[in-house]
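Just below is one structure, and these are the notes that go with it.
From a predicted model like this one, the values you see are computed outputs, not experimental measurements. So you know, we letter chains A, B, ... as the sequences are listed, proteins then strands, and number each from 1.
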Amino acid sequence: MTDTPLLHVDMDAFYASVALRERPDLVDQPVVVGGSGRGVVLAANYVARRYGIRSALPMTRARRLCPHVVVLAPDYDTFTSVSASVMETFRDVTPVVEAMSLDEAFLDVRGATRRLGSPREIAERLRATIHDEQGITCSVGVAASVSVAKVASRRAKPDGVVVVSPAEVTSFLHPLDVGELYGVGEKTQALLHRFGLLTVGDVAHTPLQTLQRALGDHLGRHLHHLAWGTDRSDLSPTAGPHEPERSMGADETFARDTDDRDVIVRELLRLAARVTGRMRAAGVAGRTITLKVRFADFTTITRSRTMPEATDVTVEVHRAVTHLYDALGLQRVRVRLVGVRVEGLVLRATVHHQLALGEPEHGWADADRAVDRATRRFGAKAVRPASLV
DNA sequence: TCTGGGGTCCTAGGACCC
DNA sequence: TCTGGGGTCCTAGGACCC
């Protein structure tokens with residue numbers, strides 16, 4: 001029996017660590033993984049962090065902070081395969097693994113302690129295995145609840161383990177800044193600071209009703225739980241049957257802002273094709289179609305329309321977002337990004353398409369299926385709508 | 001040449017129904 | 001004829017996570 005059954009395992013600077021396996025000559029240099037142009041830093045090694053470089057930092061600022069930083073392009077195929085191997089290592093320990101992303105997961109090791117030892121011993125064994133097999137390091141937080149384990153792994157970085165027993169939870173959490181809590185971002189942190197609530201302990205000792213008045217019922221209650229480490233402790237294993245995604249979308253920032261409707265409508269077609277292609281591969285369809293537009297000044301709006309029936313058809317999604325775009329009535333407004341998202345996804349098998357008499361539409365679904373087959377055989381570049389050629 | 005792309009969840013107002 | 005109350009759906013925006 002253990003009173004700290006949850007492990008949060010988080011790879012250290014994952015993309016950068018994986019990229020550096022191919023370039024051991026660069027390990028002592030400041031290195032970031034990221035795109036070129038208008039991108040942001042996806043991961044920075046610990047040398048680069050000494051210059052103040054962090055993930056999500058605009059690439060231009062990273063270069064300004066450290067002009068000799070080495071920039072490596074992301075290789076998602078490799079990241080995905082390393083991630084899959086790491087997740088397998090987790091599943092050798094316990095079937096209860098909730099993957100949060102490519103580089104982190106929660107594990108419930110309750111059922112493994114008899115076989116493998118204490119949670120701390122399991123954490124150290126995992127770290128050694130991942131280091132030997134993948135050549136990268138990770139950090140582990142061990143606790144009784146999801147949020148405490150998450151905060152603990154962050155405190156363990158890099159390349160360490162932090163165990164927080166139930167008796168230690170308040171002395172561990174309460175001195176921390178409120179911004180350290182999992183789910184408290186920049187805005188909420190600033191709001192809490194304005195109320196004079198600087199530490200987690202300050203929040204913990206604020207009456208629940210006061211928190212709820214300031215932050216709303218839900219967030220107030222949530223924060224109260226986070227501050228006492230009484231958030232959820234049950235995981236939803238990622239493997240095996242799980243609910244389909246609730247939405248799928250794609251967006252793209254233009255290399256340069258544009259006010260050209262043709263360029264924008266063509267980009268919307270590419271995005272609609274990408275999204276519906278993924279939907280068809282996953283066997284889902286959705287009713288609510290959302291257009292996202294970000295302007296040159298970074299303000300962002302969304303416009304959505306809910307259809308009578310769920311669809312996964314490229315031209316239907318494209319037509320919907322094009323109508324939404326035209327309805328904005330933009331005149332010479334510079335657009336930075338457009339996005340397409342489909343929400344309210346259901347399994348396509350549950351959608352019974354009402355065939356209207358003489359409906360011309362069913363031909364488009366057939367066309368999509370033909371495109372999907374060709375894409376599987378010849379690759380994504382081989383088949384695309386005529387207007388994108 | 002500041003600020004990606006993939007998601008989830010919550011809020012709040014209005015419509016509409018009972 | 002003077003103001004209810006609950007529930008659901010839709011839309012838009014915003015916060016947060018990696």
**Message:** Tell me whether A:R256 forms a cation-pi arrangement with A:F254, defined as NZ or CZ under 6.0 Å from the six-membered ring centre and within 45 degrees of its axis.
**Reply:** no
**Phosphate contact (C:dC10 OP1 or OP2) by A:R287 side-chain N/O below 4.0 Å** = yes
**Message:** Given the ring of A:F298, does A:R294 sit roughly above its face, with NZ or CZ under 6.0 Å from the centre of the six-membered ring and within 45° of the axis?
**Reply:** yes
**Request:** Would you tell me whether A:D231 and A:S145 have side-chain atoms, one donor and one acceptor, within less than 3.5 Å of each other?
**Result:** yes
**Message:** Set out, in order, the CA-CA distance, both residues' side-chain angles and the distance that settles side chain to side chain contact (heavy atoms under 4.5 Å, CB included) for A:V333 and A:D259, then state yes or no.
**Reply:** CA-CA 6 Å; A:V333 181; A:D259 59 2; 5.9 Å; no
**Request:** Using the six-membered ring wherever Trp is involved, compare the ring planes of A:F79 and A:F14 and label them parallel, tilted or perpendicular (cut-offs 30° and 60°).
**Result:** tilted
**Request:** Indicate for each nucleotide in nucleotides 11-16 of chain B, in 5' to 3' sequence, whether protein heavy atoms under 4.0 Å reach the base (B), only the sugar-phosphate (S), or nothing (-).
**Result:** S-----
**Request:** Please state the P separation for the pair C:dT3 and B:dC17 - nearest whole angstrom.
**Result:** 24 Å
**Message:** Does a side-chain N or O of A:R336 approach OP1 or OP2 of B:dG4 to a distance below 4.0 Å, or not?
**Reply:** yes
**Message:** Can you see if the side chain of A:R38 gets near the phosphate of B:dG4 - specifically, an N or O under 4.0 Å from OP1 or OP2?
**Reply:** no
**Prompt:** When you check the phosphate oxygens OP1 and OP2 of C:dC18, does a side-chain N or O of A:K150 lie under 4.0 Å from one of them?
**Reply:** yes
Give the table of side-chain donor-acceptor pairs shorter than 3.5 Å for residues 199-208 of chain A, with sequence neighbours excluded, one pair per line with atom names and distance.
residue, atom, partner, partner atom, Å
A:T199, OG1, A:G201, N, 3.3
A:T199, OG1, A:D202, N, 3.1
A:T199, OG1, A:D202, OD1, 3.4
A:T199, OG1, A:D202, OD2, 3.3
A:D202, OD2, A:L198, N, 2.9
A:D202, OD2, A:T199, N, 3.0
A:H205, ND1, A:G201, O, 3.0
A:T206, OG1, A:D202, O, 2.7

**Message:** For the residue pair A:T302 / A:T290, report whether a side-chain donor-acceptor contact shorter than 3.5 Å exists.
**Reply:** no
**Message:** Using a 6.0 Å cut-off, check whether atom NE2 of A:H193 has over 12 heavy atoms from anything other than its own residue.
**Reply:** yes
**Atom-pair distance (OH on A:Y15; C1' on B:dG6), nearest Å** = 10 Å
**Prompt:** Can you find a side chain N or O atom of A:R294 that sits less than 4.0 Å from OP1 or OP2 on B:dT3?
**Reply:** no
**Asked** Which of residues 176-184 of chain A have a heavy atom under 4.0 Å from DNA chain B?
**Response** none
**Item:** Paired nucleotide for B:dC18 [Watson-Crick or G-U wobble; both distances under 3.5 Å]
**Value:** C:dG5
